[in-house]
Novice: 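I have a structure I would like to understand better, so I am pasting it below and will then ask my questions one at a time.
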Amino acid sequence: MKPPRKDLTTLAASYRACAAETAPPPLGFSARLNLLWDLAGAAPSLIEGRVLSVLAINPEWREADVRRWLQQDVLPPRQDLRNMVAFLVAELGPEHDTVRWEAFLVYGAPIVPSPVEHLLYQQDSGRRLIAARIFARITEQYGIQPSSYDADIVFQRCLKLMHQFNIYEWQDFQAGHMDPFRNVLFPAED
Amino acid sequence: MLDNMEGAVDQAGFLATTDTPVAIVGARGTGKMYIARVLHAKTGASPEALEVVDCREFRNRDEANRRIREALLSGAGKTLVFKSPHVMNIESQLKLARQIATRRLADTETPTYLPAVRLIALFPDNLQRLLLQGSLHERLASVFAGYPIQVPPIRQRKRAILRWAYKILGQEQEHVTGKKHIRGFTPEAEQVMREHTWHGNISEIRSRIVHALEHKQDGEWLTPVDLKLFRGEQTIITTMALPLQDMDAYAARHESYSPNAWEELDVILGDRVNRVLQEATPLPLGTWLADEVVLAALARYSGDQGRAATFLQTSRRNLSRWLPGIRQRSSARASSSLWLEPARLIGDWVRGLGIAGVAPLAQAEMLLLGHLEARRQDTTINFRGQLLGVSKPTYVKKVRDLEATA
């Protein structure tokens, strides 16, 4: 049963009680913003003149503001942040989500799952090989036809699930893993 | 791969390709330094280019600022690992945070960038929690909060326990000379190792294996008894004096909770006082406790008596005077099955302590005294004095001091 709705005076008092005058600076925002600039490779590092390079990309920004964004956890205005993230994420590749990166920069992990994890496994050939073997074994054992799934999506699910189950070597994959992997890799609606 | 530590190794490898200051977060003994070395190795630099800046060793703000400045100035091409920077005074934390955020050296007439140095900090707990406790400055937390690496306790990755145990057995057998070759662990030992909570994590695995190797008389396989994981030795007696007695059950329910060495020592000392009172055996707990603190201090400084004395806040002469007695009592301490756990935990606690604050010997004594006084109804003052290793008048005085402190 839904609780009875509170009257407006009570709600107004609750709002006043929890409203803060200033939001605390987002912990680690500048570090994450610099991480994104590092990954995008669009400007040199801080000791090699990142601030000036950022200003060269958009001369409308002011140097003092850029320093605050990159060094003092000050959030840029919403539209500037969106534009900057969209620009940097475009440099990373089409599989990256601008809005997710924006949320990650502001709130960080674990509030927003790290968009970096995807990159983490991109270069891990050993892990990808095990994922491929698991993928092949499950499709063979359960007779799953190639036309019934999107291989790229299933492969990413497999990498993520391996991480969650702590599977780092082929012998970590046990017979008991088959069913849970099948259910996650090929959910009923796919 | 021996142990990916729930992705921590992958994350370290990934972050090595960026310029991000990296926080490595994990309870004592989880292998934070191992992850730091993995990250450093991935950069392709030589192992010698990894420099540890142990912030627990700074006696005051000036020393902290000076040592950090020296490390930053000579840091070109290096990885600097700041151990427990949250124990430094707040001004030094803020100064370090500013230098990292701007990548500029403090206190220079002309703005000077830091050399190309990779920055890592090791924290024993979540950054948010350290902030809430008031020990970590927000700015320092923030520069390391970009993408922290969490090193999970080993109980959360049971399959890795045996891998580490076998690796450590292989490593430590080389150091224990004159002993028969140990081939491995019995199935029962493997079973209890899987089930043990390992609050001390990889360090605890190592210390149990080292102890087993040193004391193994015959046989080629290590058993639960050798590892002191025999259930009879693990059970903590239930008493009202042990508020944390359900620590393991609590830890199982709250996976992120890991008691620190001091909390574990508190529980185990309460248990040992309880056992001694039940058996009416006057073990010199106070003397042994002091012995272990001194030995742990010496181990912390690799036998350097001058530094150990400074850490213990005593003179080097005092320390030299104590050592013959401590050595004389070593066989009595080692032969008591009740003492292995407190000894191990004292070592863990002393390793993680900062250099400032109340002297470690006094802290340890106050802890034991608290447990003895909690059982004052069940025992005489003479007996309690005997357990603390002091005369009756001294005991009474110490209790008065304890009450005044409280």
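Chain letters run A, B, ... following the sequence lines, proteins first and then strands; every chain starts at 1.
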Novice: Please look at Ala23(B) and chain A and tell me whether the side chain, the backbone, both or neither of the residue comes under 4.5 angstrom of a heavy atom of that chain.
Specialist: neither
Novice: Select one option (side chain, backbone, both, neither) describing which atoms of Gln72(A) are under 4.5 Å from chain B's heavy atoms.
Specialist: both
Novice: How about Gln174(A): does its CD atom have over 12 heavy atoms from other parts shown lying under 6.0 Å from it?
Specialist: yes
Novice: Under a 4.5 Å heavy-atom cutoff, which of Leu33(A), Asn34(A), Asp73(A) has the most pairs with chain B?
Specialist: Asp73(A)
Novice: Could you tell me whether Phe181(A) and Phe165(A) have their ring centroids closer than 6.0 angstrom?
Specialist: yes
Novice: Quick check on Pro148(B) against chain A: is it the side chain, the backbone, both or neither that has a heavy atom closer than 4.5 Å?
Specialist: neither
Novice: Can you tell me which portion of Arg139(B) sits under 4.5 Å from chain A's heavy atoms? Options are side chain, backbone, both or neither.
Specialist: side chain
Novice: Distance alone, cut at 3.5 Å: any donor-acceptor contact between the side chains of Asn201(B) and Thr30(B)?
Specialist: no
Novice: With a 4.5 angstrom heavy-atom cut-off, which part of Glu138(B) approaches chain A: side chain, backbone, both or neither?
Specialist: both
Novice: May I ask you to check if Arg104(B) and Tyr113(B) form a cation-pi contact, with NZ or CZ under 6.0 angstrom from the six-membered ring centre and within 45° of the axis?
Specialist: yes
Novice: Do other residues, nucleotides or ligands put more than 12 heavy atoms under 6.0 Å from Arg98(B) CZ?
Specialist: no
